[in-house]
> 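Please see the structure below; I have some questions.
Sequence positions, counted from 1, serve as the residue numbers for this chain.
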Amino acid sequence: MKKVLIKNAKIVNENKITEGDVFIENGIIVEIAESISAKSPDVNIYDAEGTYLIPGLIDDQVHFREPGLTHKENIETGSKAAVAGGITTFIEMPNTLPQATTEELLEDKFSIAGETSYANYSFMFGGTNDNLAEIEKIDPKKVAALKLFLGSSTGNMLVDNEKVLEQIFKKSPVLIAVHCEDEETIQKNLEEAKAKFGDDIPIEMHPKIRSEEACYKSSSKAVALAKKTGARLHVFHVSTAKELSLFNSKKPLKDKKITAEVCIHHLWFNDQDYATKGTLIKWNPAVKTKKDQEALLQGLLDNHLDVLATDHAPHTKEEKKNVYTKAPSGGPLVQHALPALLQMHHQGKISLEKIVEKACHNPAILFQIEKRGFIREGYKADLVLVDLNSPWAVQPDNIYSKCQWSPFEGTTFKSRITHTFVNGNLVYKNFKHQPFTKVAERLTFDR
């Protein structure tokens with residue numbers, strides 16, 4: 001039985017910061033106290049003096065591209081980048097090849113993760129226009145959620161049959177997570193841009209093609225359908241100020257039937273950055289205006305937005321360098337999301353407690369994940385130590401994603417992740433991964 005003692009940590013948990021020690025045995029936090037002594041010689045002791053201990057982040061939206069698209073990323077490389085970024089748990093999306101739209105195909109992905117993942121894992125089931133019977137068979141204790149694309153994206157799993165959509169909302173046995181962009185609006189805008197520019201559309205047009213109107217039209221429709229059917233709805237990657245009005249900021253998260261999240265890139269970048277970053281920051285939904293960027297941060301702070309995520313979605317640099325119509329949307333983010341959030345903390349934009357609430361506690365509450373997301377006795381020891389004053393620069397040689405680039409390349413972050421523990425096992429320390437062992441676990445859900 002492995003025993004770990006973390007001493008002298010500033011523990012960020014449940015909206016407060018306290019100083020103390022954490023004792024871990026067999027992957028479980030067994031004691032949290034002001035001072036704990038090692039009771040036997042077989043305890044691994046880590047002195048956290050000067051650093052902060054937080055729960056491992058739970059990223060509810062990643063694309064690790066396995067199976068079928070592994071030239072971009074795979075579960076091993078994606079999870080390796082995740083733990084380097086303080087993310088100890090991920091929920092991966094179904095738009096792989098083949099798409100995870102049957103129980104058997106979903107279990108194939110669980111099998112791969114069981115053999116190769118550095119981080120704890122679960123997967124979303126994919127909804128289509130013709131797999132309602134499969135959706136109804138989902139076991140809520142085993143599957144994180146159902147993912148629906150209401151706008152086309154990588155893999156094109158667009159659900160656009162209105163009658164089917166209503167039936168899915170009525171009958172899904174699990175939370176429905178949605179990508180909301182109105183396809184008709186996007187296609188109209190795209191055709192107009194192509195008529196003017198051909199395929200080489202200026203990247204600055206991206207937020208005009210995948211516009212505020214496209215986002216609001218789709219998300220408002222999804223929210224209305226959830227209210228009509230009583231479905232449990234979670235709206236992914238909100239990107240506009242206008243959409244915030246759709247979400248309730250007054251209820252506690254556990255009582256909400258309709259929730260929403262924001263991704264790190266919509267908080268960090270705005271449309272002025274297209275001039276220097278080009279298609280490297282081409283995402284769906286698009287990065288929009290500075291006004292939207294500022295409103296999203298405020299929406300996170302005032303609880304219109306419940307969760308922070310990455311939508312990590314790597315492509316090769318060669319793919320991203322294509323002309324607008326051929327350059328895919330998405331980019332690698334799991335390794336640098338927490339350093340970016342900590343940079344925003346240094347800028348006075350967000351507290352450490354709020355980062356932990358939105359990126360650690362709330363995903364656990366939202367998906368009813370068993371015994372993770374908090375630093376509590378009896379909980380799994382998914383823990384991260386961060387040094388707020390240890391600058392480092394993002395460079396190609398310290399990027400772990402298989403695609404080997406980052407939209408943060410060249411950025412100097414003031415804070416670094418020094419240690420990442422998954423189920424009480426040290427998996428990453430100061431830019432080095434520990435030798436791989438199968439310590440990651442499949443998520444279980446308290447449903």
Side-chain angles (χ1 to χ4, degrees), residues 55-64 75 78-79 81-83 85-96 100 106 109-110 113 117 119-127 138 140 142-149 153 172 174-180 219 222 232-239 247 253-254 256-267 283 285 296 300 303 305-313 330 332-335 337-338 341 355-374 380 382 384 440-447:
L57 274 66
I58 299 172
D59 191 346
D60 76 353
Q61 191 188 177
V62 305
H63 301 263
F64 283 166
I75 290 169
S79 64
V83 296
I87 293 166
T88 56
T89 298
F90 66 84
I91 299 173
E92 208 256 358
M93 298 298 103
N95 53 330
T96 44
L106 196 69
K109 294 175 77 168
F110 277 110
S117 185
N120 304 310
Y121 52 89
S122 193
F123 296 89
M124 288 198 186
F125 193 92
I138 293 171
K142 292 184 178 178
V143 177
L146 173 70
K147 171 71 181 286
L148 299 180
F149 289 89
S153 196
S172 173
V174 289
L175 173 152
I176 300 168
V178 288
H179 173 130
C180 285
S219 51
R232 175 68 186 84
L233 178 71
H234 183 55
V235 179
F236 273 153
H237 43 48
V238 172
S239 64
F247 306 106
L253 175 57
K254 65 181 177 57
K256 290 185 181 183
K257 292 267 300 192
I258 297 168
T259 51
E261 77 178 31
V262 65
C263 290
I264 185 64
H265 46 288
H266 292 121
L267 296 176
W283 280 286
L296 291 170
L300 186 72
N303 299 326
L305 299 170
D306 305 287
V307 169
L308 270 164
T310 68
D311 194 15
H312 174 92
L333 287 160
V334 287
Q335 188 179 343
L338 178 55
L341 289 166
I355 292 170
V356 166
E357 176 195 338
K358 299 292 185 176
C360 311
H361 302 338
N362 282 6
I365 295 167
L366 185 73
F367 292 93
Q368 299 164 285
I369 299 168
E370 285 188 319
K371 298 196 178 300
R372 298 189 193 275
F374 294 84
K380 299 281 188 177
D382 298 331
V384 176
E441 295 176 355
R442 178 173 177 165
L443 297 188
T444 55
F445 303 95
D446 186 15
R447 298 170 179 163

> Only counting residues at least two apart or in another chain, list the ones meeting side chain to side chain contact (heavy atoms under 4.5 Å, CB included) with C263.
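C263 satisfies side chain to side chain contact (heavy atoms under 4.5 Å, CB included) with Q61, H237, E261, H265, H266, A309, D311 once adjacent residues are dropped.
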> Just do the ring pair (Phe, Tyr, Trp, His ring centres under 6.0 Å) check on F149 and H179 with the steps written out, would you?
CA-CA 5 Å; F149 289 89; H179 173 130; 5.8 Å; yes
> By salt bridge (charged side-chain N to carboxylate O under 4.0 Å, His left out), which residues pair with K147, not counting sequence neighbours?
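For K147, no residue satisfies salt bridge (charged side-chain N to carboxylate O under 4.0 Å, His left out) once neighbours in sequence are set aside.
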> Please answer whether the main-chain N or O of E441 pairs with a side-chain N or O of N120 as donor and acceptor at a distance below 3.5 Å.
yes
> For F110 and F123, take the angle between the two ring planes, folded into 0 to 90°, and tell me which bin it lands in: parallel under 30, tilted 30 to 60, perpendicular over 60.
perpendicular
> Going by the rule salt bridge (charged side-chain N to carboxylate O under 4.0 Å, His left out), which residues pair with K142 if we only count those two or more places apart in sequence or in a different chain?
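K142 satisfies salt bridge (charged side-chain N to carboxylate O under 4.0 Å, His left out) with no other residue.
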> Is the shortest heavy-atom distance from the side chain of L300 to the side chain of E357 under 4.5 Å?
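No, their side chains stay 4.5 Å or more apart.
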> Would you say that D60 contacts H234 through its side chain, given a criterion of any heavy-atom pair below 4.5 Å between the two side chains?
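Yes. Closest side-chain heavy atoms under 4.5 Å.
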> Quick one: does L267's side chain get under 4.5 Å of L308's, heavy atoms only?
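Yes, side chains in contact.
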> Which residues satisfy the salt bridge (charged side-chain N to carboxylate O under 4.0 Å, His left out) test with D382, sequence neighbours excluded?
R372
> Looking at S117 and A440, what are the two nearest heavy atoms and their distance?
O-CB, 3.4 Å
> Do you know which two heavy atoms are closest between G127 and L148, and how far apart they sit?
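Nearest heavy atoms, G127 then L148: CA-CD2, 3.6 Å.
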> With side chain to side chain contact (heavy atoms under 4.5 Å, CB included) as the test, would you mind laying out the steps for I58 and V307 before giving the verdict?
CA-CA 10 Å; I58 299 172; V307 169; over 6 Å; no
> Run the side chain to side chain contact (heavy atoms under 4.5 Å, CB included) test against A260 and tell me which residues pass, sequence neighbours left out.
V235, V238, F247, L305
> Can you name the nearest heavy-atom pair linking W283 to G330, along with the distance?
CD1-CA, 3.4 Å
> Using 0.5 Å steps for rounding, measure from the CD atom of E92 to the NE2 atom of H63.
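One gets 7.5 Å once the value is rounded to the nearest 0.5 Å.
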> Between V62 and T310, is any pair of side-chain heavy atoms under 4.5 Å apart?
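Contact flag for V62/T310 side chains = yes.
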> Mind checking whether F90 and I75 have side chains closer than 4.5 Å, heavy atoms only?
yes
> Determine the minimum heavy-atom distance between S79 and A119, stating which atoms define it.
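Scanning both residues completely, I find the closest heavy atoms to be CB-N, 3.9 Å.
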> Could you report the tightest heavy-atom contact between V356 and P55, atom names first, then the distance?
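What the structure gives for the nearest pair is CG1-CD, 3.7 Å.
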> Do the side-chain N and O atoms of D306 and T259 include a donor-acceptor pair separated by under 3.5 angstrom?
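No, no side-chain donor-acceptor pair sits under 3.5 Å.
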> Under a 4.5 Å cut-off applied to non-hydrogen side-chain atoms, are L233 and K257 in contact?
no
> With sequence neighbours left out, what residues match R442 under salt bridge (charged side-chain N to carboxylate O under 4.0 Å, His left out)?
E107
> Would you call R447 and V174 a side-chain contact if the rule is heavy atoms closer than 4.5 Å?
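Touching, per the 4.5 Å side-chain cut-off.
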> Please name the pair of heavy atoms, one in H312 and one in L333, separated by the smallest distance, quoted to 0.1 Å.
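Between these two residues, the closest heavy atoms are ND1-N, 2.9 Å.
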> Quick one: are S122 and F445 in side-chain contact, heavy atoms under 4.5 Å?
yes
